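Just so it is clear, the model here is predicted, and its values are computed rather than measured. Chain A is the first sequence line, chain B the second, and so forth, proteins listed ahead of strands; every chain is numbered from 1.
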Amino acid sequence: MFPQSDAAAQAEMPLLAGLNPEQRAAVTLPPEPALILAGAGSGKTRVLTTRIAWLLQTGQVSPGGVLAVTFTNKAAKEMLTRLTAMLPLNARGMWIGTFHGLCNRLLRAHHKLANLPQTFQILDTQDQLSAIKRLYKQHNVDEERFPPKQMQWFIAGCKEDGERPRDVAVHDGDARRKVEIYQLYEEQCQREGVVDFGELMLRSYELLRDNDAVREHYRRRFRHILIDEFQDTNRLQYAWIKIIAGLPAEGGGGAIMAVGDDDQSIYAFRGARVGNMADFVREFHVQHQIKLEQNYRSHSHILDSANQLISHNKKRLGKELRTDQGTGEQVRVYEAPSDFAEAEWVVDEMRQLVKGEGHERKEIAVLYRSNAQSRVLETQLFNAGVPYRVYGGLRFFERAEVKHALAYLRLLENPRDDTSFLRVVNFPPRGIGARSIEQLQDAARDAGTALVDAVGNVPGKAGGNLAAFVARIDVLREQTEGQTLREIIERTLDDSSLLEHYRAERDGADRVENLEELVNAAESFVTQEGFGRDAVALPVDETAGLTQSPASQGLDPNAPLLDERLPEPPPPVDTDTGETRSPLAAFLTHAALEAGDNQAQAGQDAVQLMTVHASKGLEFDAVFITGLEEGLFPNEKAMSDFEGLEEERRLMYVAITRARKRLYLSHAQTRLLHGQTRYNIKSRFLEELPEGSLKWLTPRHGGFASMMPGAHSGANHARPAWGNSAIYPDMVASAAPLPPRKAEPAHGIRAGIKVFHTKFGEGQVMAVEGAGDDARAQVDFPRHGLKWLALAVAKLTVVE
DNA sequence: CAGGTCCCGTTTTTT
DNA sequence: ACGGGACCTG
């Protein structure tokens with residue numbers, strides 16, 4: 001699109017220096033729909049940010065015309081950081097954020113049109129569940145019949161499909177009841193002025209769908225839309241993109257760039273639809289598809305392994321990673337007799353990496369399929385005195401004491417937030433028991449009001465206590481009026497007696513610390529997000545600016561002069577979080593949309609432990625992928641269908657591509673799971689790797705089908721001697737003593753052997769668990785698939 | 001209201 | 001095995 005030669009373009013565009021041809025092509029695509037297939041480690045974020053910088057620098061767009069959407073706050077922050085490092089620019093006008101963050105921004109700006117109070121609060125998953133449970137009590141819903149968790153899943157699913165209660169197809173009585181509950185839940189949320197995560201998306205989608213002026217306004221404004229991790233979008237998110245961009249058929253569908261990798265799609269279980277990629281190409285008439293296949297991360301033994309593994313998937317858009325970095329080391333594979341021994345081995349290897357080869361601990365990661373696997377590893381690391389860090393678990397803003405404090409703060413903003421009301425009405429305890437609360441809830445239901453408004457209807461002592469609580473909040477609200485965020489929070493912690501309560505508690509020290517940390521978090525929020533500087537923005541009026549024609553609005557001061565006039569960014573909301581409200585309100589939104597770090601002891605040079613899912617997007621010099629066993633990885637629960645297995649394989653692909661220089665793969669013959677020893681055979685994924693890129697640290701034998709020699713007849717394993725000595729004579733010395741073990745099961749069914757079933761025919765035993773009458777075996781029948789069979793019932797004969 | 005007991009679930013997770 | 005939540009009792 002530029003007439004200059006490459007060299008000339010580069011001279012003028014230092015931004016483009018150092019990009020490979022595909023990357024440069026992607027960055028400089030014309031303003032038309034495009035799909036970038038970005039392989040792992042191919043410089044995706046760099047392309048995205050350089051694209052934006054290039055568009056700005058060449059004057060094709062002003063900051064206000066950019067909409068960039070990510071999934072996580074981390075990714076959004078990263079994009080913004082890199083962008084501001086590239087170009088000195090005012091990031092204010094840019095809309096870079098997560099789907100939910102941007103939706104929040106839209107809804108705040110147009111709260112009236114969206115039929116929400118400006119102070120609407122956001123329910124996180126916990127809050128949502130408690131809201132549902134509360135609803136159940138009010139309407140006598142049977143928790144047994146409609147488990148709240150399931151209901152929550154149902155509601156989230158409906159919203160992800162864009163369905164309101166009236167849109168849900170009903171086939172039977174149970175379904176009708178579920179939809180009724182969904183309806184009641186919606187009414188409750190509306191009454192209380194709260195929205196859940198799904199609602200943020202759906203409500204803003206509907207806002208755009210139902211208001212022509214608003215929709216047209218944003219379509220005109222956002223001249224360039226970029227979407228990261230497109231393979232992870234769900235149905236509603238894609239619909240949202242379509243409505244904000246406009247399809248070509250509707251005269252829209254201009255410069256929209258979707259970046260993604262179908263091979264790294266690992267979130268189908270939470271609604272992600274890889275199919276959106278193909279739909280996008282079709283519906284936006286995509287003419288530009290670019291594959292980024294040059295990998296800048298890993299050596300080629302590692303990449304070859306990843307490529308070969310993923311080639312076993314049938315459903316792919318097709319892509320192969322390559323590198324200039326040389327072959328590097330082979331992938332090391334280890335078979336351990338037990339999960340315990342596997343963990344020991346991991347720790348030994350790590351010591352060698354750190355002490356012997358001078359690797360930093362934080363450059364070493366141990367990945368596993370499920371969180372339960374971290375335990376053994378942690379024990380070993382702890383005993384060996386190796387500093388480690390586990391990802392996952394409760395995040396800062398999800399901790400009980402922090403949520404209590406936030407509940408008080410939310411009541412200051414919105415007294416009708418019943419979820420928050422109930423959370424703290426008697427916490428710390430102030431003599432308001434279940435009885436009083438019940439009375440209050442009944443009164444509120446009868447009057448059709450929020451709890452706070454029904455307090456006057458509760459007679460006697462209970463009513464007095466409740467009134468005292470409400471008065472306390474009211475006084476706090478008045479007294480903190482106009483104070484800084486820090487002052488508000490400190491005062492709230494004191495006046496609520498939360499601090500006092502935890503200080504008096506025996507094990508309350510951590511909680512007190514977290515509450516103090518909350519003050520710090522608020523403080524850094526204020527400085528980082530610029531509150532206190534110019535937080536008091538214009539009044540929010542969603543019609544302002546929409547009725548006027550763009551031409552009458554003048555130019556964006558940041559916009560370069562172009563022959564084309566750019567519409568001014570929409571008036572009201574435009575700080576980083578889209579807030580125009582008080583710092584407190586902004587902070588509460590921040591807390592709800594960004595739950596904070598979930599890793600302990602940050603900063604220290606520690607080995608990193610995490611699930612494969614959590615590792616996506618990260619990279620390390622050395623990576624251990626542990627527990628490569630059938631049933632665990634690929635996980636049996638994910639393997640009910642073909643799609644499930646392919647997703648597991650993509651998960652393995654993600655895991656492999658985390659490693660820069662060294663990759664270790666391991667599996668254990670036995671593993672303690674849910675208090676029982678399970679006998680697992682090694683993962684099929686190990687068989688799907690290129691033999692030449694692997695280095696077996698333990699003797700290799702047999703294939704997928706022939707595990708555990710010596711186990712193919714019932715007679716052999718009556719021997720209590722746990723049998724590696726026969727198979728791996730060289731391992732006896734090095735292997736750690738095994739933990740005490742129960743005697744061998746008498747039924748003679750063990751993982752790896754072939755059995756015959758009168759109905760299903762011949763099959764292979766994948767796993768055995770339980771003992772005595774409870775013993776069951778998972779058998780893979782060629783014609784019938786995986787089955788769990790109770791050994792006391794099923795007639796299985798061992799096939800020689 | 002605290003403190004004990006029973007029972008359930010236990011793949012992956014962000015917002 | 002183990003932790004969290006619901007439920008019951010003193």
**Fill in**
Winner on side-chain proximity to A/T98, out of B/dT15, B/dC1, B/dT11, is B/dT15
**Asked** Is the aromatic ring centre of A/F269 closer than 5.5 Å to the centre of the six-membered base ring of B/dT12, with the two planes inclined by less than 30°?
**Response** yes
**Prompt:** Can a side chain N or O of A/R270 be found less than 4.0 Å away from OP1 or OP2 on B/dT11?
**Reply:** no
**Request:** Rounded off to whole Å, could you give me the CZ-to-P distance for the A/R435 and B/dC1 pair?
**Result:** 14 Å
**Message:** At 4.0 Å (heavy atoms only), tell me whether A/F633 reaches a base, stays on the sugar-phosphate, or touches nothing.
**Reply:** nothing
**Item:** Atom-pair distance (OH on A/Y136; C1' on C/dA6), nearest Å
**Value:** 16 Å
**Request:** Could you check whether A/N426 gets within reach of a base, just the sugar-phosphate, or nothing at all, counting any heavy atom under 4.0 Å?
**Result:** sugar-phosphate
**Request:** Check every atom of B/dT12, B/dT14, C/dA1 against the side chain of A/H674 and return the nucleotide holding the closest atom.
**Result:** C/dA1
**Asked** Would A/D127 and A/T419 satisfy side chain to side chain donor-acceptor pair (under 3.5 Å), going step by step from the backbone distance to the final call?
**Response** CA-CA 7 Å; A/D127 298 332; A/T419 301; over 6 Å; no
**Fill in**
note: A/L618, atom CG; B/dT13, atom P; distance rounded to Å ~ 13 Å
**Message:** So, under a plain 3.5 Å distance rule, would you say the side chain of A/T72 forms a donor-acceptor pair with the base of B/dT15?
**Reply:** no
**Prompt:** Contact class for A/K133 (heavy atom, under 4.0 Å): base, sugar-phosphate, or nothing?
**Reply:** sugar-phosphate
**Request:** Give the nucleotide from the list B/dT15, C/dC2, B/dT11 with an atom nearest to the side chain of A/K637.
**Result:** B/dT11
**Asked** Is there a side-chain polar atom (N or O) of A/N73 under 4.0 Å from OP1 or OP2 of B/dT14?
**Response** no
**Item:** Residue pair A/L381 / A/Y388: nearest heavy atoms and the distance that separates them
**Value:** CB-CD2, 3.6 Å
**Prompt:** If you look at every strand shown and take non-hydrogen atoms under 4.0 Å, does A/N371 touch a base, only sugar-phosphate, or nothing?
**Reply:** sugar-phosphate
**Prompt:** For A/I266, does its backbone N or O pair with a side-chain atom of A/H613 as donor and acceptor, under 3.5 Å?
**Reply:** yes
**Message:** Nearest whole Å is fine: how far is B/dT12 C1' from A/M639 CE?
**Reply:** 15 Å
**Item:** Earlier contact from the 5' end, DNA chain B, for A/A592 and A/A372
**Value:** A/A372
**Item:** Spacing of A/R671 atom CZ relative to C/dA1 atom C1', expressed in whole Å
**Value:** 15 Å
**Rounded distance (Å) that lies between atom C1' of B/dC8 and atom CD of A/E144** = 11 Å
**Request:** Answer yes if the ring centres of A/H404 and A/F427 are under 6.0 angstrom apart, and no otherwise.
**Result:** yes
**Asked** Would you say the side-chain atoms of A/E413 pair up with the backbone N or O of A/L584, donor to acceptor, closer than 3.5 Å?
**Response** no
**Asked** When the distance from CD1 of A/I266 to C1' of B/dT14 is rounded to whole Å, what number comes out?
**Response** 12 Å
**Message:** Check for me whether the distance between the ring centres of A/F469 and A/F421 falls short of 6.0 Å.
**Reply:** yes
**Request:** Could you tell me whether A/D124 contacts a base, only the sugar-phosphate backbone, or nothing, with contacts defined as non-hydrogen atoms closer than 4.0 Å?
**Result:** nothing
**Closest nucleotide among B/dT12, B/dT15, B/dT13 to the A/T125 side chain** = B/dT15
**Message:** Can you work out whether A/A638 or A/L593 has the more 5'-proximal nearest nucleotide on DNA chain B?
**Reply:** A/A638
**Asked** Tell me: CD of A/Q231 to P of B/dT14, nearest whole Å?
**Response** 15 Å
